[in-house]
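The structure's right below; bear with me while I get my questions together.
Keep in mind it's a predicted model, so treat the numbers as computed, not measured.
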Amino acid sequence: MGLRERLAKEWFMLGIVLVIVLAKMDPSVGAKGGPLKPEMTITYIAVSAIFFNSGLSLKTEELTSALMHIKLHLFVQIFTLAFFPTTIWFFLQLLSVTPINEWLLKGLQTVGCMPPPVSSAVILTKAVGGNEAAAIFNSAFGSFLLGSSSSVPFTSIFSQLSVTVVVPLIIGQIVRRYIKDWLERKKPPFGTISSCVLLTIIYTTFCDTFSNTNIDLDGLSLLIILFIIFSVQLSFMFLTFFFSTRNNLGFTPADTVAIIFCSTHKSLTLGIPMLKIVFAGHEHLSLISVPLLIYHPAQILLGSLLVPTIKSWMVSRQKGVKLMRPTV
């Protein structure tokens, strides 16, 4: 394989490196309040584009089937809202005897209680070729479920999810009905479009991270938190992979991909308002916020780096399933 072909194949990985470098060079461009206005262009326009894209690309029967996949939904929601926070709590009991700042540990506990985001989990599932419809449902449902039971204003969550997820998805489905033949004939690069949107999200996320004054820790504490967060993410991704690939559960490889990302990703958009309400006026709010501020870019970066590996596994498993089916 020549250099040009290799670069073309690895364009997404190169794009990740490029946007992170650009974010580091001048984070003010893509940070909140900067020229790109990510609080509008990303939170609303980019996320809406993701779900409009999903509405166009997904067959209506796939969405209906995903809605009825009760076992998958139960797995994701129980893992996200029960197993994840409980396991983190036990893990933090061990860390409490270490010199790690107790407020950073408190922040890690709050991370464990957050729902999945409505963007990154869906995009990464789509990039791999997993069950995108299931990822859409569980990401939106998790945010809606936890948000409606927390101190965050219910109407704010409901309206944002409606505007950025439900409405664009429905519009995409409606448009698909009129251009279905054209879509099937031309096969637009929906996956590439979603990957480009993800690169934009990665860029603005790291702009926020590099410009955020809350992440003002000594080097050792920052390294320890980074190590813990990446270890937690990898461990939980492995656990979801291990459990969801058990034959008795009956999940397909595509289901497993959706489960991995939806069960282990945490929402910054809902998380920060929750922290500000729960810990309003708390003198250590900045320290409590640090783990979530680090977890968000870390999950996007780690998930993006693992896309080729997970995709290779899924493709090989799907081929294996086809070969095992008896011919009639």
Side-chain angles (χ1 to χ4, degrees), residues 7-24 27 29-32 34 36-58 116-136 138-140 142-143 164-165 168-169 172 188-210 230 233 237 254 257-270 293-312 314:
L7 291 175
K9 184 179 180 181
E10 303 295 340
W11 73 271
F12 184 65
M13 293 300 163
L14 294 173
I16 292 174
V17 175
L18 177 61
V19 297
I20 293 176
V21 170
L22 290 174
K24 180 64 176 176
V29 175
K32 288 181 181 177
L36 289 184
K37 302 293 182 185
E39 59 272 21
M40 289 299 298
T41 56
I42 298 299
T43 303
Y44 289 97
I45 298 175
V47 174
S48 297
I50 291 167
F51 289 97
F52 175 74
N53 187 33
S54 296
L56 273 180
S57 60
L58 284 171
V118 294
S119 54
S120 60
V122 174
I123 296 177
L124 290 168
T125 299
K126 186 179 185 68
V128 173
N131 191 336
E132 182 187 357
I136 290 172
N138 281 283
S139 294
S143 295
T164 60
V165 178
L169 189 67
F190 291 115
T192 302
I193 294 170
S194 292
S195 296
C196 290
V197 175
L198 180 57
L199 287 177
T200 306
I201 293 174
I202 293 172
Y203 172 69
T204 56
T205 299
F206 274 88
C207 282
D208 265 338
T209 302
F210 291 137
F230 274 106
Q233 288 187 22
M237 289 179 84
V257 172
I259 287 170
I260 288 173
F261 291 123
C262 290
S263 300
T264 59
H265 279 210
K266 296 296 180 178
S267 174
L268 180 69
T269 304
L270 184 58
L293 293 170
I294 294 176
Y295 195 98
H296 182 66
Q299 71 187 7
I300 295 175
L301 180 60
L302 182 61
S304 300
L305 292 174
L306 289 176
V307 162
T309 302
I310 298 175
K311 188 171 186 176
S312 296
M314 190 191 75

Non-hydrogen atoms of Ser139 and Val122 that approach each other most closely: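 Scanning both residues completely, I find the closest heavy atoms to be OG-CG2, 3.9 Å.
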How close do Ala135 and Thr125 get, heavy atom to heavy atom, and via which atoms?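 Taking every non-hydrogen atom into account, CB-OG1, 3.7 Å.
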By the salt bridge (charged side-chain N to carboxylate O under 4.0 Å, His left out) test, which pairs, at least two apart or in different chains, include something from residues 294-308?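 For residues 294-308: none.
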Hey, does Leu301 have a side-chain heavy atom less than 4.5 Å from the side chain of Ile202?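 The answer is no, as the side chains (C-beta and beyond) never meet within the 4.5 Å cut-off.
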Can you name the residues that form a side chain to side chain contact (heavy atoms under 4.5 Å, CB included) with Ser312, not counting sequence neighbours?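 In terms of side chain to side chain contact (heavy atoms under 4.5 Å, CB included), with neighbours along the sequence ignored, Ser312 is linked to no residue.
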Flag the pair Pro38 / Thr43 as yes when at least one side-chain heavy-atom distance between them is below 4.5 Å, and no otherwise.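 Answer no - side chains too far apart.
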Listed once per pair and sorted, the salt bridge (charged side-chain N to carboxylate O under 4.0 Å, His left out) pairs that draw on residues 121-132, sequence neighbours left out: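 Qualifying pairs: Lys126-Glu132.
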Can you list everything that forms a side chain to side chain donor-acceptor pair (under 3.5 Å) with Ser263? Sequence neighbours excluded, please.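 Not a single residue meets the side chain to side chain donor-acceptor pair (under 3.5 Å) criterion with Ser263.
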Of all the heavy-atom pairs spanning Thr41 and Ile45, show the shortest one and how long it is.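 The pair with the smallest heavy-atom distance is O-CB, 3.2 Å.
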Listed partners of Ala298 passing side chain to side chain contact (heavy atoms under 4.5 Å, CB included), at least two apart: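 Only Ile229, Phe230, Gln233 meet the side chain to side chain contact (heavy atoms under 4.5 Å, CB included) criterion with Ala298.
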Set of residues satisfying side chain to side chain contact (heavy atoms under 4.5 Å, CB included) with respect to Ser120, sequence neighbours excluded: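 So Ser120 forms a side chain to side chain contact (heavy atoms under 4.5 Å, CB included) with Pro117, His265, Gln299, Ile300.
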Do Ile260 and Val128 have side chains that approach each other closer than 4.5 Å (heavy atoms only, starting at C-beta)?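 With C-beta onward as the side chain, the pair stays apart.
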Note, Asp208 side chain near His296 side chain (heavy atom, < 4.5 Å):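 Asp208 vs His296: side chains apart.
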Set out, in order, the CA-CA distance, both residues' side-chain angles and the distance that settles side-chain contact (heavy atoms from CB on, under 4.5 Å) for Ile123 and Ile201, then state yes or no. CA-CA 10 Å; Ile123 296 177; Ile201 293 174; 3.9 Å; yes
Would you compute the distance between atom CG of Leu306 and atom CE of Met237 and round it to the nearest 0.5 angstrom?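 Result: 5.0 Å between the selected atoms.
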Return the set of residues passing ring pair (Phe, Tyr, Trp, His ring centres under 6.0 Å) with Tyr203 (not counting sequence neighbours), or none when no residue passes.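 Checked Tyr203 against ring pair (Phe, Tyr, Trp, His ring centres under 6.0 Å); zero matches.
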With rounding to the nearest 0.5 angstrom, report the CG to CG distance, Leu305 to Leu124.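 The distance works out to 10.0 Å.
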Supply the atom-to-atom distance Thr192 OG1 to Leu198 CG, rounded to the nearest 0.5 angstrom.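 These two atoms lie 12.5 Å from each other.
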Shortest non-hydrogen contact from Ala258 to Asn131?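 Scanning both residues, the minimum pair turns out to be CB-O, 3.5 Å.
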Could you report the tightest heavy-atom contact between Pro168 and Val165, atom names first, then the distance?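 Here Pro168 and Val165 meet closest at CD-O, 3.5 Å.
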OG/Ser48 to CD1/Ile42 distance, rounded to the nearest 0.5 angstrom?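 Result: 11.0 Å between the selected atoms.
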Can you list every salt bridge (charged side-chain N to carboxylate O under 4.0 Å, His left out) pair that touches residues 41-57, not counting sequence neighbours?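 Pairs touching residues 41-57 that pass the test: none.
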Working for side-chain contact (heavy atoms from CB on, under 4.5 Å), residues Trp11 and Leu199: CA-CA 11 Å; Trp11 73 271; Leu199 287 177; 3.9 Å; yes
Could you pull out all residues at least two apart from Tyr44 that satisfy side chain to side chain contact (heavy atoms under 4.5 Å, CB included)?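 Side chain to side chain contact (heavy atoms under 4.5 Å, CB included) list for Tyr44, sorted by chain: Met40, Gln160, Val163, Thr164.
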How long is the gap from CZ on Phe261 to CG on Asn138, to the nearest 0.5 Å?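 Output value for this atom pair is 14.5 Å.
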Between Phe190 and Ser57, what is the shortest heavy-atom contact and its length?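 Between these two residues, the closest heavy atoms are CD1-CB, 3.4 Å.
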Residues forming a ring pair (Phe, Tyr, Trp, His ring centres under 6.0 Å) with Phe210, sequence neighbours excluded: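 Scan of Phe210 (ring pair (Phe, Tyr, Trp, His ring centres under 6.0 Å), adjacent residues dropped) gives Phe206.
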